[in-house]
Each structure stands twice: as C-alpha cells, then as structure tokens.
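Heads up: the structure comes next, in structure tokens.
Starting from 1, each residue takes its place in the sequence as its number.
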Amino acid sequence: QVQLVESGGGSVQAGGSLRLSCAALGDIYIINSMGWYRQAPGKEREPVAVFESDGRATYADSVQGRFTVSRDNAKKTMDLQMNSLKPEETAVYYCKAKLIPRSSWHPLDYWGRGTQVTVSS
C-alpha cells in the first residue's frame, strides 16, 4: 500500500528554519512528480514548491529565495528547507505525489497527512 509520510514540522520563532521531509512508501513503479503544499486555517491549499514532470522545481513567489526543495529519486524522498520563516507561513504542510504503483496502469495522486508548522512572532 502506497503512503506519503511527512516529518520535520514543529514550532519555530520568526526568522528561524525548519526542514521538512517526505517519504514515499510502498511498492512504487515510478514517481512522476512531487511537491509541497500548505494550508492555513480558512485558506485554500496552495503550492509551495513543486517538482514538475520534467524535474524542474518551481516556487511560490512568497517563498522564492528562502525555501529550497530537493528530491532523491532513488530513495523516493523529498525535502523542503525553509529559512527565514514568517508568522503568516503557519500552516499544515502537505506532501503530494503523482505516481504509478506497481499494481496500477495509470498515475494516481497521493497526499500525505500533513505536518504542522507554527511560526511565532
């Protein structure tokens, strides 16, 4: 059974840093794309840093220059280094992947359960 598991969330003061990790577990044939999303209370879920199908990473304008996403295809993991965090970035951060399980003929979307990031002023 395929699962995405996030870790690394927590509480940090404004200006601090956190590193989030996502691991794709299970019998997976290939991962087409992965990305980090976040959702604050009362807001829509938004992309933060996403690897496109061609392997290129794109960032939300608000995090450009402060966040760095990395991916290890062999280990099926993805990290998000977040620096200079701001209070307004308090949210649940989710890992998303479009992947093909070995039991499937087509790509499927998977979401992790999310990890809470709290940035205090």
Side-chain angles (χ1 to χ4, degrees):
Q1 181 171 311
V2 173
Q3 298 181 55
L4 301 181
V5 181
E6 304 102 332
S7 62
S11 298
V12 65
Q13 291 186 327
S17 299
L18 286 173
R19 187 175 183 89
L20 307 182
S21 296
C22 173
L25 307 177
D27 196 4
I28 299 168
Y29 171 59
I30 192 171
I31 299 176
N32 299 117
S33 62
M34 297 185 75
W36 288 98
Y37 296 71
R38 67 188 177 193
Q39 187 168 21
K43 294 186 177 180
E44 297 291 327
R45 191 170 299 184
E46 62 178 354
V48 177
V50 178
F51 282 106
E52 305 296 339
S53 59
D54 61 2
R56 297 181 180 181
T58 59
Y59 297 88
D61 290 341
S62 61
V63 310
Q64 184 73 45
R66 297 184 297 114
F67 290 13
T68 302
V69 65
S70 58
R71 179 178 173 183
D72 188 324
N73 292 330
K75 296 182 178 180
K76 298 182 177 62
T77 60
M78 177 181 64
D79 290 356
L80 181 67
Q81 179 66 45
M82 304 185 294
N83 297 327
S84 302
L85 282 160
K86 304 174 181 179
E88 58 264 36
E89 293 174 316
T90 294
V92 177
Y93 284 69
Y94 296 91
C95 175
K96 179 190 176 182
K98 182 180 292 292
L99 56 85
I100 305 176
R102 291 195 182 275
S103 61
S104 178
W105 289 58
H106 306 285
L108 299 171
D109 288 337
Y110 286 83
W111 290 88
R113 291 185 178 273
T115 185
Q116 177 71 48
V117 171
T118 301
V119 185
S120 60
S121 60

In Å and rounded to the nearest 0.5 Å, what is the CG to CG distance from Asn32 to Asp54? 12.0 Å

Working to the nearest 0.5 angstrom, can you tell me the gap between Glu46 CD and Tyr37 OH? 11.0 Å

Hydrophobic cluster membership, Leu4 vs Val92, 4.5 Å side-chain cutoff: no

May I have the step-by-step check of side chain to side chain contact (heavy atoms under 4.5 Å, CB included) for Met82 and Arg66, ending in yes or no? CA-CA 6 Å; Met82 304 185 294; Arg66 297 184 297 114; over 6 Å; no

In chain order, what residues pass the salt bridge (Lys or Arg N to Asp or Glu O under 4.0 Å) check against Lys86, with sequence neighbours excluded? none

In short, Ala24 meets Ile28 closest at the heavy-atom pair CB-CD1, 3.8 Å

I'd like to check the ring-ring contact (aromatic ring centres under 6.0 Å, His included) partners of Tyr94; sequence neighbours left out, ordered by chain and number. none

Do you know which two heavy atoms are closest between Leu99 and Pro101, and how far apart they sit? O-CD, 3.5 Å

I need the Met34 CE to Asn73 CG distance, nearest 0.5 Å. 9.0 Å

For the student: nearest non-hydrogen atoms of Pro47 and Ala60, plus distance: O-CB, 3.6 Å

Disulfide (SG to SG under 2.5 Å): pairs with one or both residues in residues 28-86, sequence neighbours excluded: none

Check: Leu20 and Arg38 side chains under 4.5 Å, non-hydrogen atoms: no

What do you reckon, is CD of Gln13 surrounded by more than 12 foreign heavy atoms closer than 6.0 Å? no

Is there a donor-acceptor pair under 3.5 Å between the side chain of Thr90 and the backbone N or O of Val119? yes

Filter on salt bridge (Lys or Arg N to Asp or Glu O under 4.0 Å), then keep only pairs touching residues 16-32, sequence neighbours left out; what's left? Arg19-Asp79, Asp27-Arg102

If I compare all heavy atoms of Lys98 with all of Pro107, which pair ends up nearest, and what's the gap? CG-CB, 3.8 Å

Quick check: is Ile31 connected to Leu108 through a chain of hydrophobic side chains (ILVMFWY, heavy atoms under 4.5 Å apart)? yes

Which pairs pass disulfide (SG to SG under 2.5 Å) with one or both residues in residues 87-121, sequence neighbours excluded? Cys22-Cys95

Nearest atoms (heavy-atom pairs only) where Ser17 meets Ser84: OG-N, 4.2 Å

Between the CD1 atom in Ile100 and the CD1 atom in Ile30, the distance rounded to the nearest 0.5 Å is 6.0 Å

Side chain to side chain contact (heavy atoms under 4.5 Å, CB included) filter on Asp61, not counting sequence neighbours, yields none

Answer yes if Trp111 and Met78 sit in the same cluster of Ile, Leu, Val, Met, Phe, Trp and Tyr residues linked by side chain heavy atoms under 4.5 Å apart, and no otherwise. no

Side chains of Phe67 and Leu85: does their closest heavy-atom pair fall under 4.5 Å? yes

Just to verify, which of Thr118, Thr115, Asn83, Val117 counts as forming a side-chain contact (heavy atoms from CB on, under 4.5 Å) with Leu18? Val117

Might you point out which heavy atoms bring Ala57 and Val69 nearest each other, and give the distance in Å? CB-CG1, 3.6 Å

Do Val48 and Val50 belong together in a cluster built from hydrophobic side chains that touch within less than 4.5 Å? no

Under 4.0 Å between a Lys/Arg side-chain N and an Asp/Glu carboxylate O for Glu6 and Arg113? no

